[in-house]
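Data first, discussion second: the structure below is written as structure tokens.
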Amino acid sequence: MDKKQVIALAGNPNSGKTTVFNALTGTRQKVGNWPGVTVERKEGKVLLGNREVTVVDLPGIYGLTASSIDERIARDFLLTERPFLVAIVLDSSNLDRHLYLPLQLMELGVSRLVLILNMMDEARAKGLEIDVEGLSRTLGVPVVTTVANKRVGIEELKKTLARELEKEHQTSGFPFSYPEPIEKGIERLSEILKPHPPLSSSPHNTRWTALKLLEGDEEYLARVQNSPAKERILSLLTMVKEDLEAELGYDLETALVEARYGYIKGLVSEFVKRKGSLEQRLSMSDKIDKVVTNRFLGLPIFLFLMWLTFKLTFSVGGFFLDYIDALFGFLGEKAALLVHLVHGPPWLASLLQNGIIGGVGSVLVFLPNIFFLFLAISIMEETGYMARGAFVMDRLMHAMGLHGKSFIPMVLGFGCNVPAIMATRTLENPKDRIITILVNPLMSCSARLPIYVLFAGALFSAHQGTVIFSLYFLGVVLAILLARLFKTLFFKGEPAPLIMELPPYRLPTWKSVLLNTWQRSLIFVKKAGTIIFATVVLIWFLASMPLGVEYASQQSIIGGMGTFLAPILKPAGFGFWQAAVALFFGILAKEVVVGTLGTLYGTGEEKLGTVIAHQFTPLTAYAFMVMSLVYIPCIATIGVIRRETNSWKWTAFSVGYSLFLGWFLAVVVYQVGRLFL
Amino acid sequence: MDALSHSAQDYLEAILVLSLERGQARVKEVAEFLGVKKPSVVAAVKGLMSKGLVKHEHYGYLELTPRGLAMARDIYHRHQTIYRFLHRILGVEATTAERDACQIEHYISSKTLARLVKFVEFVESFPDSEEDPKWLHYFKRYAERGEPPPCALDKCPRGGEKVKSLSELKVGETGVIKRVKGEEVLKKRLLTMGAIPGTQVRVEKVAPLGDPMEISLKGFHLSLRREEAQNIEVEVE
Ligand SMILES: Nc1nc2c(ncn2[C@@H]2O[C@H](COP(=O)(O)OP(=O)(O)OP(=O)(O)O)[C@@H](O)[C@H]2O)c(=O)[nH]1
Ligand SMILES: [Mg+2]
């Protein structure tokens, strides 16, 4: 790839990088108001002038040392891939801190830079006036202002980026230097590094290496370990460090960071003028925060929000359910009728009515529930509650062997376990991360919702809500208990620190919340159109074979499979073959459990519900739901567990424990329940 | 090490310093460095070689063996400690302190030296070691101007009067960061985020279960567990 074709977007977490990325490339990557939304690098294309350029969106970083996986991805990209141009996205209302990263990149000096002062609206609301010209002149890099979520300044940004790509020479040198003694120390160290190419490829790079060594950067120290001159370099380093620290009176690392921030302070006081009233917007955010994370109200509010999410999902979603259901029933009948009218073969009518519309339709019926679930999650994400949730819950999470930051993946797990498991990348401690990954599938994802709604609706009509809530609750409790257990079994050790930025509350635009919700719902629809569709056709086929057999009878191939598996489920009370194959194919995607039953039992949810009410008792239905909740992560989740833990051992463990636990709990529910009912 | 003569120790130290600073040490350079004649260097080096402390690669170039290097570092460290004791703690002016350190390092017993090391470490381990602890401050004034200390030694608070750890602040209180200590990763992260000495921090609130706490600095909010906040020393109004 031509180097000139790559622009990287870097910046502190939550500064709006992805928002800028979306505005530039016209994509809809996920945006949210908490630090750590983006955990992998994403590429997109943008047309600058007449040239198509690749833009890379990166996870957020505060400096050039990384302590978690997402940070490492960003840091490594900037340091080793050396994109030709780095556009740094800064929160203009907080340049005091956001200028640190650009300063580091300037010192590193491998890429051309453009500064994007984003969130200008918030800076203005705070009464800040920024001298963009002056800042640009002093730093020697172009500076653009934007309000990315309103697309303000994006055209100007494109022009600047295009101009910067074309420009012949890199702009002037860098104005910043350290206090005299430190500069001398850098020089002394550079002198000895110079003859060792891996540590110093250019004068600039030598200086950088010297700085990093003085700072005590592990990676650079490790590089020295591989150098033939290791002994000498390390001894001189100790000497220089000792001398400097004796002279400065305190540790060098602090002194270096302090010098940089000192320079930034100078910049800010020169180019940012504070006028007018004090931070109205922030105080608004503070007021909300006072309530939401209040000592006494914090937890009740958290529970209330969870309950509200739940309520919204079921009552409002359920309202639409009957209509859509009727629609599919109608469609199924009409399709069969149509085939009949044109004298099509009867198998085609069966495929359409039983297979496709019966199977896919029985899943799609739940689209409204899923839509509202995602709506609630999107609102939490965009307002800034996520990070507060982590803050409020940290102590509890801590007590049960997790980390405050695990809260975010857990909540995301109610949507889908795949992105939720990806979100664990922000956890610094690998132990915390693996525990969070292992228990995440116990959070009832949206794919399990159709199962709950179907079974609870068929057998617990009066207490439907309570029953479903109990399943979500059971999932959470199991996650907690297992996290505790795994922690004591496999991961003893020190807890990782919780240093997390709490973003200000932001009123999300309806547009972005709805788009976000819509996009995720669309994924559900797509899933129905692809994997669920394919499975359902397969099941229909297996249910119609061998030729001449009665459709979906025990003599069909699938009936045989189910009959073979069913005895295992007998102790759990639902040892009939349909349940066995539904669970078996449900491994592909949990919606398939419902899809399979839909295909086997015929059209539409209404009828499906009736059939189920005949075959199951409330007790066996509950056991079945418990099994569905726990028994195995779906294929996509297994895949992501494998990728994120990078270990077949943990993947196998995750599958193994959940299969056993799911079955075991279902058996316990049934056997114990039988004693009382 | 006791077997090594003073001048042998000086030679070792010289070879260490030279090879670090210039990448190599030659007989000529060692001679210049110590202000002695070349033949004396050659003689001394022979002695060091026979003890397996120095290698004479090819004519003129001297190299420390691993054992020699360890010993030289030790000597250097000893020198530095004594220097710091004289200069930073007693307040002896730099060149005198340097010269005296060269002398003392050869005569001091290892037991006394160990205590001296501990003492220097102790004084330097006081919070905000960029400033002298109060009692030392008073000592220097006494030494220079004969001023008696204003308080009994055990009642003299250290550093500024009101240094606390951030975790001790109550909700709504502000302080100015004096020092960030603690484990490397944690410290680095806090520094990078702008928690550097001189920065004002405020405790905004404490989570419902008493931990973590939310602080604000440089215009943004940060959550921290109390345990982590203990690593931030602040000076309160
Ligand atoms: N007021 C305002 N909000 C913005 C602006 N740009 C982005 N946001 C909001 O800021 C929040 C963070 O935006 P993201 O684009 O997710 O930030 P990011 O830098 O990609 O964050 P990470 O991926 O977590 O590092 C979202 O809630 C956005 O809607 C802006 O110019 N003004
Ligand atoms: Mg992002």
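Proteins get letters first, then strands, A, B, ... in listed order; numbering begins at 1 in each.
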Best-contacting candidate, B/Leu186, B/Leu64, B/Val171, against chain A by heavy atom pairs under 4.5 angstrom:
B/Leu186
Nearest atoms (heavy-atom pairs only) where B/Arg189 meets A/Glu428:
NH1-OE2, 3.4 Å
Checking heavy atoms, do the side chain of A/Tyr100, its backbone, both or neither come under 4.5 Å from chain B?
side chain
Region of B/His77 in contact with chain A, defined by heavy-atom distances below 4.5 Å:
side chain
Of all heavy-atom pairs linking A/Thr254 and B/Lys187, the shortest is OG1-CE, 3.8 Å
With only heavy atoms counted, which part of B/Leu69 is less than 4.5 Å from chain A, the side chain, the backbone, both or neither?
side chain
Cut-off 4.5 Å, heavy atoms of chain B, and the answer for A/Ile192 is side chain
Any non-hydrogen side-chain atom of A/Val257 less than 4.5 Å from a side-chain atom of B/Thr192?
no
Quick one: what part of A/Arg232 sits under 4.5 Å from any heavy atom of chain B, side chain, backbone, both or neither?
both
Go through the atoms of B/Tyr76 and report whether side chain, backbone, both or neither lie under 4.5 Å from a heavy atom of chain A.
side chain
Do other residues, nucleotides or ligands put more than 12 heavy atoms under 6.0 Å from the CD atom of B/Glu121?
yes
When you look at CD of B/Glu227, are more than 12 heavy atoms from neighbouring residues, nucleotides or ligands closer to it than 6.0 Å?
no
Under 4.5 Å from a heavy atom of chain B, the part of A/Asn12 involved
neither
For the residue pair A/Tyr261 and B/Met193, what are the closest heavy atoms and their distance?
OH-C, 3.5 Å
Side chain proximity check, A/Glu258 to B/Leu191, heavy atoms < 4.5 angstrom:
no
Which of these passes side chain to side chain contact (heavy atoms under 4.5 Å, CB included) with B/Ser223: A/Arg388, A/Met500, A/Glu501?
A/Met500
To the nearest 0.5 Å, what is the distance between CG on A/Leu498 and CD on B/Glu228?
6.5 Å
Can A/Ser235 and B/Arg73 be counted as having a side-chain donor-acceptor contact under 3.5 angstrom?
yes
Between chain A and each of B/Lys188, B/Lys181, B/Glu184, count heavy-atom pairs under 4.5 Å; write down the option with the most.
B/Lys188
Residue, of A/Lys265, A/Glu218, A/Arg188, that accumulates the most heavy atom pairs under 4.5 Å with chain B:
A/Arg188
With a 4.5 angstrom heavy-atom cut-off, is it the side chain or the backbone of B/Ile196 that approaches chain A, or both, or neither?
side chain
Criterion side-chain contact (heavy atoms from CB on, under 4.5 Å) on A/Phe391 and B/Lys205, from CA distance to verdict:
CA-CA 11 Å; A/Phe391 175 72; B/Lys205 66 172 75 73; 4.2 Å; yes
Given that the side chain runs from C-beta out, which part of A/Leu396 has a heavy atom under 4.5 Å from chain B: side chain, backbone, both or neither?
both
Would you give the length of the straight line joining atom CZ of B/Arg84 to atom CD of A/Glu245, rounded to the nearest 0.5 angstrom?
9.0 Å
